Amino acid sequence: MKHSLSPKERLILELLADGEQYGLALVDASGGALKRGTVYVTLSRMEAQGLVTSRHEEAPANQGGMPRRLYRVTALAAELLALQTSFANAVALAGGSR
Amino acid sequence: MNDEIRGRWLRAWGRKVLAPETYERTLGAAEADLRHELASVPAAEAKRLARSARWMFLRVLIGAIDQDRAEARRGLSWWLLLAPLMAVAVGALGVSLTEGGGLPLAQLVFLVLGLGLGATMAMTPRRILLYEAPLGGWLAVVAVAAVAAFGTATEGASRWLAIGPLMIQMSALALPFVMLALTSLVSRQRDVHALLLGVAAQAAFVATKDAVASLTLGVVAVVVCAVAGRRWSWLPMAVVAGAGFAVAGTLDPMLAPVAHSEGILGLFTQVSPALTVLGGLALLVAIAAPLMVLRRTADAETRGLALAVALSLAVPAAAATMVATVVPLLGYSGSTVVAAYLGLGALMSLSRRAPADPQASTATTTR
């Protein structure tokens, strides 16, 4: 388990904060920051690291027949994100007060 | 529309070479998302997305392979790369003493090349290595045949490829690829394919008049078939091996079966009998290393390759000893050093022990 989040991982966690999402929805919501060709490998790595978990949705019969994989943030990742946000805010505050 | 999604062969190849879990979480997830997207957008947009899908799948596949490679680096038995070092050092020292001058630069180049290629082989995921092994085996055979036709001729045999100051013995380099291919094919019960590859490899070795490679391949093929429990495969392999060795061995007495190694060894023993003993001990260490892997795994593919690598070191030494004396690991060219590391690297990949899954090394590849 590494101790810091990359910008891409941080963005994914922020996008998932509102609830479960699938890969292409994250790409669409990122405004170009995430790419269709790389988001799945990043999500797979994050899942291996315990930052996100995934499950298969129940596939509607007329929607391609393949269940999508839905991702959500783990409690550990939420805590890590909150800590890093607090730290970044504290650094910004300290910089601003000088 | 969904049937028009491009990149089908990329997904098929990914399903073969990626770990099932990796495939599911990368290419599988991408395909599911794309199919849903195509069903929910206008026809013109869906057509555009379907056409560009192969690039999406290609990028996902590259990333997934890289992820598997990163995983494959964990649990590798790196100590295997150390096993031949003493033999290489003694061989290089012997060449230096017998031929004068400093340590031969070519030996150092081949050592570095061997270590690099061995490490690359080791970090290649097991599934890719086994899946692509037959292709590698056939390419190796073609390369040997090409060298037989167009290579540098020495004492009547066209077995070498001259690249600057380096003389590469293609049959030595081809042997580990052919061994891996035979291991893969026999374990997947592709007996006819294995036999065809064995025959083609023997023919190529005979064409280059390399009796040692021919003998080694024969012994390896028979043992690999026996380890995999392919009772009816080892017999034709033995016939092919025997015929190949017989033909190669009688082509030219000057070239059978020791090739050029007695030239080194005759001088080797004159300079220092102690060095000869040390060379023999070093060779035993190198042979013992793959056998240690053999002891700790029940996986047929790993066991077959472990024996093959050990035999690829032992058989040339035994053949040379019958004619001359103890042979060091390397000859003049050092191609055998590279070949040894290629074999050991492949063995490292196959025998990898994943920390999270102790049974990973015993998993059978199904295709």
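Throughout, protein chains are lettered first and strands after them, A, B, ... in sequence-line order, and every chain is numbered starting at 1. Please read all numbers here as calculations on a predicted model, not as lab measurements.
Only the side chain of L49(B) comes within contact range of chain A, with heavy atoms under 4.5 Å apart. Heavy-atom distances place both the backbone and the side chain of E24(B) under 4.5 Å from chain A. In this structure, the portion of S54(A) lying under 4.5 Å from any heavy atom of chain B is its side chain and not its backbone.
For the set R59(B), M56(B), R25(B), the count of heavy-atom pairs under 4.5 angstrom toward chain A peaks at R25(B).
Using a 4.0 Å cut-off between charged side-chain N and carboxylate O, R126(B) and E301(B) make a salt bridge. Salt-bridge formation is not detected for the pair E31(B)/R8(B): no Lys NZ or Arg NE/NH1/NH2 atom is positioned less than 4.0 Å from an Asp or Glu carboxylate oxygen.
Counting non-hydrogen atoms of neighbouring residues, nucleotides and ligands closer than 6.0 angstrom, the CE atom of M123(B) exceeds 12 such neighbours.
Side-chain atoms of R352(B) and S77(B) form no donor-acceptor pair, as typed in the model, at a separation below 3.5 Å.
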